[in-house]
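Let me begin by presenting the structure, written as structure tokens, before commenting on it.
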Amino acid sequence: MMTRKWGMFIAALLAALLAPQLAFAAEDAAAAVTKLEGLLLHTRYSEAEAQAKKMLAAHPKSAPVRCVVARLHAARGRYQKALDELSVAIKLDFKSMQARARKAELLELLGRHDEAVEVAEAVIDFYNDNSKSIKQPRELAGVGLALKLVNAPKDALTILTKAQRADKTDHVATLELGQLFLLKGQVTDASSEFNSVLRAGAKHPDALLGMAYCAFSISKLKDAEKYAKEALKAAPNAVDAFDLLAAMAVIDDDFDGAQAYITKSLAVNPNGISARAILAGCHLVRGNKKGYEQEEALVRKISPRCSDFYTYVGRACSGKRRMRLAEQMYRTAIRLRPDAHDAMAELGRPLFREARYTKAKKLLDESHDIDGFNVRTYNTLHLLDEMESYRIIKAAPSIHIMLKNETDGVLAEYVKRFAIRSLDDLCKIYDFRPADTITVEVLPTQRYFATRCIGLPHIGAIGVCFGKVVAFTTPRVQQGRVNWRETLRHELTHAVTLLGTNYRIPHWLTEAMAVHEQHSDRPYNWDVLLKTSVRLNRIMPISKLTRGFTRPKTREQRMLAYCQSEVVLDFLIQKCGRKCLPALVKAFREGKELPYAIQAV
């Protein structure tokens, strides 16, 4: 009995003596974690590597230390080491929601979806059993991340909002909330969250990147570029910024620029799946099958069942209107992961753009059943439901017209006659007749037209061509400001030149041809703008002309891009005659790039 009392006394004494040291060690570990997190945020990886070694030597049994070191490994592409560190962190502190959620996130990135869901569900179950004791904002943010991974966005919103309120100075929950909104296509709400972080003080790299991706998702490429470059100023090795800039360069037909950004991204993370996918997409749209297969093989070594790789490649192909290639990629993603709702939605949209309405609706319905919170999917389904009642006029074997008979039936005969005449004329000029039917959609509202283009209700354009589908707003919407015949002929020219070149024609050149075929005089203000731009040295080189359309710095620069493009085409016609038009289309169809296509004229 005496021995037991002495033992209890000695234990209590040791605890009292060691308590200050243990508390100091914990504070020391917390300070080290904060320092390493700052280095990671600003992508100062060389310093972070040295700091991580010191931290592990000083605090080998600290779960937060292991967790943040895992983030470093993941950022440099050392995925297995990151998983090992997270597993150690969980053993050291089985209550750590953050460690478990980060492990689930990393498993998801690597295509190990079932394992990711299992880990995420364990986080959610633990929280449900111990919700009253889990109050730290980082731990709550971990629960929110787990809920996002199992596709429970409503519950994730609740928990992340709770985490925000727990500590308004810690931005982790706010950034996760922004990513959640962005994932569901709620761009306004996502921007609001990212902006709240930026308003709080210093330029947070992750918030800037969030704003960049918000802008990119609604095709505001100029803003996306601005935010991405600001993020790189704050975090010079931010791979997400490099990848976004590379994706935009592909849209601009600037494949060399895309390659340069991907090289920078892979220098930081040689196993970056997004970067590898963009590079693979570049190879695929340029006809370099061997290059694509090399990238695919590298990713399969990292993750044999990574469906996201094929989804990313599909997006790159879709961005260049290579719909059949995009379809192949999305179907591979779905085969690897049958519940990949994002790939289903991404595939549904290209099918819609090819007038494959029934198949598009089926896929979008399946995606919506799994993920009922995606705004783009919901809007597109609503438009498809609306279009089921539209009148279909089979004007000719090569062209169909769709319009809402109740409001625009009076246009039917006019659109039919003009579309047939224009298409026949254009096919003769460019010596190419599309094998498939071209569908002309006359949409009754600007909102429906915007949804047709981007899945969201606002866009400035009034006409669009996806290749096999041409869409424009009814003259009622335009209120006499634009000649609908010019718009329709412009878009039909795109259809012929895109299909005639298998979508390989540079953006600026298809725009030049479309303007040329409108058969209207060049506006006087274009000539004034051109003269002024020459005097002020603002003329864009041909290699940068596409950027004048995709991300003009000003409204005038976009106008200048149209003007310059038409002037270049006029020069070619003057030098080579109108025979250069079909010759260029043929050269691109054969796979030649611009310099060689011009030589072939």
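Between Arg522 and Asp570, at least one side-chain N (NZ, or NE/NH1/NH2) sits under 4.0 Å from a carboxylate O, which counts as a salt bridge. Salt-bridge formation is detected for the pair Asp425/Arg489: a Lys NZ or Arg NE/NH1/NH2 atom is positioned less than 4.0 Å from an Asp or Glu carboxylate oxygen. Using a 4.0 Å cut-off between charged side-chain N and carboxylate O, Asp385 and Lys361 make a salt bridge. Remark: Lys586 does not engage Asp431 in a salt bridge, criterion side-chain N to carboxylate O under 4.0 Å. A salt bridge does not link Glu406 to Lys404: none of the charged side-chain nitrogens sits closer than 4.0 Å to a carboxylate oxygen. Between Asp252 and Arg551 there is a salt bridge, since a side-chain N of the basic residue sits under 4.0 Å from a carboxylate O of the acidic one. A salt bridge does not link Glu327 to Arg322: none of the charged nitrogens lies less than 4.0 Å from a carboxylate oxygen. Ion pairing between a basic and an acidic side chain is recognised when a charged N comes within 4.0 Å of a carboxylate O; Arg324 and Glu354 show such pairing.
Among residue pairs with one or both ends in residues 531-559, those qualifying as ring pair (Phe, Tyr, Trp, His ring centres under 6.0 Å) are His507-Phe549, Phe549-Tyr562; sequence neighbours excluded. Pairs engaging residues 275-284 under the side-chain hydrogen bond (donor to acceptor under 3.5 Å, both in side chains) rule: Arg276-Glu295, His283-Asn288 [sequence neighbours left out].
Residues Thr474 and Asp408 bring a donor and an acceptor atom of their side chains to less than 3.5 Å of each other. Looking at Thr437 and Ser398, their side chains never bring a donor and an acceptor atom within 3.5 Å of each other.
A donor-acceptor pair under 3.5 Å is absent between the side-chain atoms of Arg391 and the main chain of Met402, judged by distance alone.
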ask   = Does the side chain to side chain contact (heavy atoms under 4.5 Å, CB included) test come out yes or no for Ser565 and Val515, once each step is laid out?
value = CA-CA 9 Å; Ser565 299; Val515 171; over 6 Å; no
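Scored by the salt bridge (Lys or Arg N to Asp or Glu O under 4.0 Å) test, Asp308 finds no partners at all (sequence neighbours excluded).
For the pair Arg286 and Tyr292, the cation-pi criterion (under 6.0 Å, within 45° of the ring axis) is not fulfilled.
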